[in-house]
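These notes concern the structure reproduced below.
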Amino acid sequence: GAGVSQSPRYKVAKRGQDVALRCDPISGHVSLFWYQQALGQGPEFLTYFQNEAQLDKSGLPSDRFFAERPEGSVSTLKIQRTQQEDSAVYLCASSTWGTDTQYFGPGTRLTVL
Amino acid sequence: ELKVEQNPLFLSMQEGKNYTIYCNYSTTSDRLYWYRQDPGKSLESLFVLLSNGAVKQEGRLMASLDTKARLSTLHITAAVHDLSATYFCAVDILRAGQIQGAQKLVFGQGTRLTINP
């Protein structure tokens, strides 16, 4: 079956622009996670959804970062007024209840100039 | 705060040799995950270790978990070039009352493995 998909795969933004990154989880997966991976580093947790409810947003680095999952499936991560330090790969992962494995999408590489 | 440390961070080895990657973590957790990442690609799940003493093997890779020592190892046997990748370990934070499948992962820095012919 289809895995986690993300779009766009690459995004170049000028500093100060707003961007929106999309994640399509595996069908039926209740849990959805966003992670940020800086170059040469491991992924770092940003936020977590259970269905449409955002239960943990402790990893969002600033109030410029906003995530939503209004119908409990597709999720969007929005970054307002992008800064150079926002340049990273943004990974989405999904999982289903009762399992321990998170399945990751291919990521969106964001470059802020 | 949960911290996860891997070593080595870089490893260059010859085909046919054996080696071990170590993953230490700072607080109690019963779940440890190993992922593989190829350049420009996403993370592929390799192993999920759920209890003390757990050992799992897939091909030339074997992972083990010692929760008392807060240590996991990923052992590579008779390495081949196809195993060249970056390997991450991750530990979850599953708080009391939280539903399994809801835990967030804390990753190590990754071990970049290069296997030379």
Side-chain angles (χ1 to χ4, degrees), chain A residues 2-7 9-10 21 23-26 28-51 53-60 67 69 88-109 111, chain B residues 1-10 21 23-25 29-51 54 56 58 63 65 85-95 97-113:
Chain A
V4 179
S5 61
Q6 293 185 246
S7 61
R9 292 293 313 278
Y10 304 91
L21 313 179
C23 171
D24 283 85
I26 293 172
H29 278 196
V30 170
S31 299
L32 185 146
F33 306 80
W34 283 98
Y35 292 86
Q36 179 190 60
Q37 185 176 22
L39 188 64
Q41 301 295 315
E44 292 190 357
F45 171 82
L46 293 177
T47 187
Y48 160 68
F49 290 87
Q50 181 178 305
N51 295 308
Q54 188 176 20
L55 299 186
D56 188 342
K57 52 183 181 179
S58 60
L60 295 177
R69 194 185 185 198
V89 175
Y90 291 85
L91 295 166
C92 175
S94 70
S95 69
T96 190
W97 281 353
T99 67
D100 296 279
T101 300
Q102 294 183 20
Y103 297 89
F104 282 80
T108 295
R109 181 177 298 275
T111 303
Chain B
E1 180 187 354
L2 175 58
K3 292 188 185 296
V4 181
E5 293 188 348
Q6 292 180 233
N7 74 85
L9 299 184
F10 298 92
I21 299 171
C23 174
N24 290 90
Y25 53 98
S29 176
D30 291 331
R31 292 174 174 80
L32 190 130
Y33 308 79
W34 284 97
Y35 283 88
R36 167 181 172 150
Q37 187 175 41
D38 292 290
K41 301 293 178 64
S42 190
L43 287 86
E44 173 190 354
S45 177
L46 295 175
F47 300 108
V48 180
L49 302 169
L50 299 177
S51 61
K56 290 194 174 180
E58 180 71 35
L65 177 61
T86 299
Y87 292 85
F88 291 95
C89 65
V91 179
D92 74 356
I93 301 177
L94 183 63
R95 289 174 284 272
Q98 203 166 21
I99 297 169
Q100 185 179 1
Q103 58 272 29
K104 68 182 186 186
L105 300 179
V106 178
F107 284 83
Q109 314 96 303
T111 296
R112 184 175 296 178
L113 174 63

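Residue numbers begin at 1 in each chain, while the letters A, B, ... track the order of the sequences. FYI, side chains are in, hydrogens and waters are out, and symmetry mates aren't considered; it's all heavy atoms of this structure.
With a 4.5 Å cut-off on side-chain heavy atoms, B:Lys104 and A:Ser58 count as touching. Side-chain atoms of A:Pro43 and B:Phe88, non-hydrogen and from C-beta on, do get closer than 4.5 Å to each other.
Atom OH of A:Tyr103 has 12 or fewer neighbouring heavy atoms from other residues, nucleotides or ligands inside a 6.0 Å radius. Atom CZ of B:Arg36 has more than 12 heavy atoms from other residues, nucleotides or ligands within 6.0 Å.
Neither the backbone nor the side chain of A:Glu44 comes within less than 4.5 Å of any heavy atom in chain B. Contact of A:Tyr35 with chain B is made through the side chain alone, with heavy-atom distances under 4.5 Å. Using a 4.5 Å cut-off between heavy atoms, B:Glu44 does not touch chain A at all.
Annotation: the span from B:Phe107 atom CZ to A:Gln37 atom CD amounts to 8.0 Å, rounded to 0.5 Å.
The choice from A:Gly105, A:Gly107, A:Ala93, A:Gly40 that makes the most heavy-atom pairs within less than 4.5 Å of chain B is A:Gly105.
Residues A:Pro106 and B:Ser42 come closest through the heavy atom pair CA-CB, 3.6 Å.
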